[in-house]
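Encoded as structure tokens, the structure appears first; notes follow it.
Order of the sequence lines fixes the chain letters, A, B, ..., with proteins taken first and strands second; residue numbering starts at 1 for each chain. What you see below is based on every heavy atom in this structure, not just the backbone, and it leaves out hydrogens, waters and symmetry mates.
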Amino acid sequence: MPHLTPNSIGSVIESAVSKRSLLLGRAAHAFIIRTLDTPPPAFLSNHLVNLYSKLDLPGSAELVIRLTPSRSVVTWTTLIAGLVQNGHFASALIHFSNMLRDHVQPNDFTIPCAFKAAASLRLHATGKQVHAFSVKSGQVTDVFVGCSAFAMYLKTGLIEEAKKLFDEMPEKSIAMWNAYISNAVDVGRPRDAVHKFIEFRRAGGNPDSITFCKFLNACSDASYVELGQQLHGFSIRSGFEESVQVSNGFIDFYGKCGKTGQAEVVFDEMRERNDVSWCTLVSVFVQNHEDEKACGVFLRARKEGVEPKDFMVSIVISACAGLSGLELGRSVHSLAVKACVDDNIYVGSALVDMYGKCGSIEDAERAFHEMPERNLVTWNAMMGGYSHQGHSDTALALFEEMTGSYRVPPSHVTLVCVLSACTRAGAVKQGMEIFESMRERYGIEASAEHYACIVDLLGRAGMVERAYEFIKKMPISPTISVWGALLNACKVYGKPELGTIAAHKLFELDPKDSGNHVLLSNLLAASGRWEEATLVRKEMKDVGIKKGTGYSWVTVKGKVHTFQAKDTGHDRNSEIQATLAKLRRQMEAAGYIPDTKYSLHDLEEEEKMTEVGHHSEKIALAFSLLALPPGVPIRITKNLRICGDCHSAFKFISGIVGREILVRDNNRFHRFRDGHCSCRDYW
DNA sequence: CTAGGGTTAG
């Protein structure tokens, strides 16, 4: 490289920075040391500081600074800006004061960095000092300086100071409006954000891509669905159809409003996508419980060569949790290890959650213990896993450990886990005590979810009337899950009157749901109130509510086998039928009597018996017994709730064949072993 | 060679 001039070395370093190539940058640095005088020209030192601070090697950058006698404002600012960009806010502030001690005056590039660092650390006193400095030097009126000072006051919560600054600014850049709107969204005041946007438009402002993104967040947070849709037209007219960020914002907005179809349309129509586009679409499907679609988009992304980063991996793992897809979950786990993202706290928490929901508590524990750091979500996931699997005592012990020795303050999610663990353990007294001390001890206001837990707690313990009295005294209006818990208890303990009250509340709140009608009708039938039961069925038919088709599925060697009731379409059908017949004989010998009230059709008794014998979960079980090697636990997933007859049949079968049977239905998890189920009181 | 406001999650 004989012809390299200092100027061209500068360009080489510049390109190393833009390509983020440390190798190239180090080569240039070595070349400088070998061929040029020490110290090199000041501008080359600046280039080197820029290189190391952008590539997040602050130590090397500091070293270059120390070896540069002619440190200028640019040298210092380059270092500080790099530190801020890489999130090292405290060192940025330390170097800001080092710079002052070095008698170098900050310019209007330096001060915004200092404001940003102070704001990110919520150091309002430091922020005020920087502000005072910029007033004295006359720099506040600069649009960048003023805007960053304004943003600092917003972030540190000094709203009055922020407003004063806003009004005093001679020229308001769009960044100032964006900072305002964005802050309103961040502090949970989306309506303020919307009002500010309208004020901005009245003042003649034209939104840019950042305004659109933040405004969309405000729309979804405040459920302003129509406003967001109107904005879609406006954004296209303003020429933002090509903006990847804005399109990503619309995908997210439509997803949060439950319009997954629209979200997909926006995604499909994008000419260019980045990995955020893919992640957003996957998470849209997960948020709306369309986990299969989420996995489908993920596989498509893999095919298109999108790198599996921590973000994507954590979302896909939660999709696997929703599907109870242990095999797929394991394969995403190994992908996470290969991509070196399994150390990420989001990924780790998602793994704990996934293994817990898939019924593999040992894997959940392993993932939990292997995590380098844990946060509240990690603890919640582990506790949820234990509680879900019926290990109530372990869940409660973990709660003690978390709040006691680890001093992690619980969230409302934690308390839902704890209360449901109490329910499973039948610990009424303990559960009530925790519930009543929530506000005082943990500063958590009980939400409808917590009330539902208590109704469930009392209901499952057989105190159905007390549960109803409890609902009547609720200070907030009871939700679907509250009445659902009561109806469930009425079903278990045969309380047709209360059950009818609960069910009718549910019909109002959730008119399209078929499950509640079926539950009430079964309850009435079981209590001998045949006419009322028939009436509920008739009502259901009249209003046009259909019971969704029930599916059960199992995964064998990575292939998913799906079954419906009375399914005869599988390749191994004749073997399946033979297994079902054999199982029925063995069960009957052990004392099993088919419970025909779970047959939903108007048939003769004999036919009903045959029908319940061919529910999708039984077929899936027969197939699993054929297809899986002996001793391996059988995992069945069902999109509806497992039927009561199948539930008792599975208990018998688990004893007869000596196998563990794990069923994940759309309500809960069942582990059948040695003639028992982990949910004991459920049916 | 240096700057403000910013899209995705458990």
Worksheet item: Counting any heavy atom closer than 4.0 Å, what does A:N375 reach on the DNA or RNA strands: base, sugar-phosphate only, or nothing?
Response: base

Worksheet item: So, A:R374 side chain and A:M371 main chain: donor-acceptor pair closer than 3.5 Å or not?
Response: no

Discussion item. Going by the rule side-chain hydrogen bond (donor to acceptor under 3.5 Å, both in side chains), which residues pair with A:K196 if we only count those two or more places apart in sequence or in a different chain?
Written reply: A:E199

Worksheet item: Is there a donor-acceptor pair closer than 3.5 Å between any side-chain N or O of A:N86 and the backbone N or O of A:H88?
Response: no

Discussion item. Using a heavy-atom cut-off of 4.0 Å across all strands, would you classify A:I13 as base, sugar-phosphate, or nothing?
Written reply: nothing

Practice prompt. Could you list the residues that satisfy ring-ring contact (aromatic ring centres under 6.0 Å, His included) with A:W278, not counting sequence neighbours?
Written response: A:F267

Worksheet item: A:R189: what forms a salt bridge (Lys or Arg N to Asp or Glu O under 4.0 Å) with it, not counting sequence neighbours?
Response: A:D192

Worksheet item: Is any side-chain N of the basic residue among A:D221 and A:K256 closer than 4.0 Å to the acidic one's carboxylate O?
Response: no

Practice prompt. Quick one: list whatever passes ring-ring contact (aromatic ring centres under 6.0 Å, His included) with A:F96, sequence neighbours left out.
Written response: none

Item to complete: Tell me what A:F311 touches on the nucleic acid: a base, only sugar-phosphate, or nothing, going by heavy atoms under 4.0 Å.
Response: base

Item to complete: Please work out which residues in residues 213-220 of chain A have a non-hydrogen atom less than 4.0 Å from an atom of DNA chain B and list them by number.
Response: A:K214, A:N217

Worksheet item: What is the nucleic acid contact for A:S247, judged by heavy atoms within less than 4.0 Å: base, sugar-phosphate only, or nothing?
Response: nothing

Discussion item. Under 4.0 Å, heavy atoms only, any strand: does A:Q85 hit a base, just the sugar-phosphate, or nothing?
Written reply: sugar-phosphate

Discussion item. Does A:D108 reach a base, just sugar-phosphate, or nothing at all? Heavy atoms under 4.0 Å.
Written reply: base

Item to complete: Provide the start and end nucleotides, 5' to 3', of the part of DNA chain B that has atoms under 4.0 Å from heavy atoms of chain A.
Response: B:dC1 to B:dG10

Discussion item. Quick check on contacts: within residues 250-262 of chain A, what sits under 4.0 Å from DNA chain B by heavy-atom distance?
Written reply: A:D252, A:K256

Response to the item:
In short, A:A263 meets A:Y254 closest at the heavy-atom pair N-CB, 3.7 Å

Fill in: Proximity to DNA chain B (any heavy atom under 4.0 Å), residues of residues 61-84 of chain A only
A:V74, A:T77, A:T78, A:A81

Worksheet item: Does any pair with a residue in residues 75-104 of chain A pass salt bridge (Lys or Arg N to Asp or Glu O under 4.0 Å), and if so which ones, sequence neighbours excluded?
Response: A:R71-A:D102

Practice prompt. Only counting residues at least two apart or in another chain, list the ones meeting side-chain contact (heavy atoms from CB on, under 4.5 Å) with A:S331.
Written response: A:L328

Worksheet item: Got a sec, which residues hit salt bridge (Lys or Arg N to Asp or Glu O under 4.0 Å) with A:R271, two or more places apart in sequence or on another chain?
Response: A:E242

Item to complete: Output yes when a side-chain donor or acceptor of A:S283 lies under 3.5 Å from a complementary backbone atom of A:T280, and no otherwise.
Response: yes

Discussion item. Using the salt bridge (Lys or Arg N to Asp or Glu O under 4.0 Å) criterion, which residues pair with A:K155? Sequence neighbours excluded.
Written reply: none

